[in-house]
Amino acid sequence: MKRVVIVPDGVADWPLKELGHKTPLEVAEKPNLDRLSQTSILGTLKTCPDGMYPGSDVCGLSLMGYEPGSVYTGRAPLEAANMNLVLKPDELVFRCNLVTEKDGVLADYSADHVSTEEARVLIQALEQRLGSATISFHAGKMYRHIMRYKYGDDLHVETDPPHDFQGDRYEAHWPKGKGAEILIALTERSREILRNHPVNRKRGKEGKKPANMIWLWGGGRAPTIEPFQKKFGISGGVISAVDLLNGLGRCLGWEIISVPGATGYFDTDYRAKGEYAVTALGRLDLVFVHVEATDEAGHTGNIKEKVRAIENLDRDIVGPVLEDLKKLAEWRVFVAPDHYTPIEKKTHVAEPVPFIFGASDLRGRGSGLSYTEANARRMGIHLERGSELMNRLVNGWPVQSV
Ligand SMILES: [Zn+2]
């Protein structure tokens, strides 16, 4: 039995005036998704437990078959896992953004999307000056890095993500709680070290914003996640251009399938993702394919790109993968976004998401409806526990429940 999960990140949306009061899913040409939906179970799934933020990490854990409430320890530990940093139980890691500070205001949470090469030099400078037996800095990609703190019991802090307060005075968002002063001091020292660094002087000449401060947030300890193979008895792999999702996959013991040309943006190579998914199915029991472009379109409020991303996904991933599955006697598939990213909101919303659950053995239990938010609600099939969909993908949809 082969199983596939397809996750169009943030695809679910609200009706838009510009689309004649329809959603991007309702207007996109997506014959493969619609055919699958008509012959499959269609319903809604609660991916984000109450009181948690609907990020791709929390909601992704649900889709992968885990309860975020019991295994999630923060974003940074997952990103550290993706960077192959192995944490001891008493160690804490924080996400360390390189940011642009101007006159006490957080001017850019990404330091103008500083390049990975420049960032590596800056993080090295921080490690040389601020690194110690307790603290170390680890370079990741672009503005996204990690600070590791050895004695986790020293710190118990609340932090604000810098993309949430761009344009504000950053002092209003200092970490709060036990040991907050340690993080604040590091941030202030980083400003002194980075301000006149040659990399930033060069950026200034090129008319780019300087990466002149760090911002530490999203801290946590290593999660204790039962390996997927042990929990569900089958092997798995993930295809995603997003570090966070690959980090989750690594924590689960999944194979990280890297696809050349997968960018996590509008220009991602959909066809290559589809091809790699089909190939990976030859050796793995389950492949989890994540597409970020739909979420990016939501964040940027770009209706045209959102519709186009759905059509690309349908043609180049859903089509080839289904064709391959249908050559097999036994297969199951589900399609579901991790969360809503409504164009109108430009951010994530915790609302039950529409899902398709298809299988070779459903026999006449098809919805007869195309894949849209409203159709999914109309069916009246709702799974309150987000992890339940993966459970059913592995073990089958109970006969009596539909
Ligand atoms: Zn997003």
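Numbering of ligands and ligand atoms starts at 1, following listing order.
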If you leave out waters, which protein N, O or S atoms are less than 2.8 Å from the Zn ion (ligand 1)? D295 OD1, D295 OD2, H299 NE2, H348 NE2
When you look at D112 and R203, which way does the side-chain contact (heavy atoms from CB on, under 4.5 Å) test go after all the steps? CA-CA 10 Å; D112 221 357; R203 286 179 66 79; 3.3 Å; yes
Result block: side-chain N/O donor-acceptor pairs under 3.5 angstrom for residues 375-384, not counting sequence neighbours:
{"unit_1": "N375", "atom_1": "OD1", "unit_2": "R378", "atom_2": "NH1", "d": "2.8"}
{"unit_1": "N375", "atom_1": "ND2", "unit_2": "S370", "atom_2": "O", "d": "2.9"}
{"unit_1": "N375", "atom_1": "ND2", "unit_2": "S370", "atom_2": "OG", "d": "3.3"}
{"unit_1": "N375", "atom_1": "ND2", "unit_2": "T372", "atom_2": "OG1", "d": "3.3"}
{"unit_1": "H382", "atom_1": "ND1", "unit_2": "T44", "atom_2": "O", "d": "3.3"}
{"unit_1": "H382", "atom_1": "ND1", "unit_2": "T44", "atom_2": "OG1", "d": "2.9"}
{"unit_1": "H382", "atom_1": "NE2", "unit_2": "E384", "atom_2": "OE1", "d": "2.8"}
{"unit_1": "E384", "atom_1": "OE2", "unit_2": "K46", "atom_2": "NZ", "d": "3.1"}

Sequence neighbours left out, what passes salt bridge (Lys or Arg N to Asp or Glu O under 4.0 Å) with E91? Give chain and number order. R148
Ignoring hydrogens and geometry beyond distance, is a side-chain donor-acceptor pair present between D57 and Y72 at under 3.5 Å? yes
Identify, with sequence neighbours excluded, every residue that meets salt bridge (Lys or Arg N to Asp or Glu O under 4.0 Å) alongside R35. none
Parallel, tilted or perpendicular: which describes the rings of H173 and F165, with under 30° parallel and over 60° perpendicular? parallel
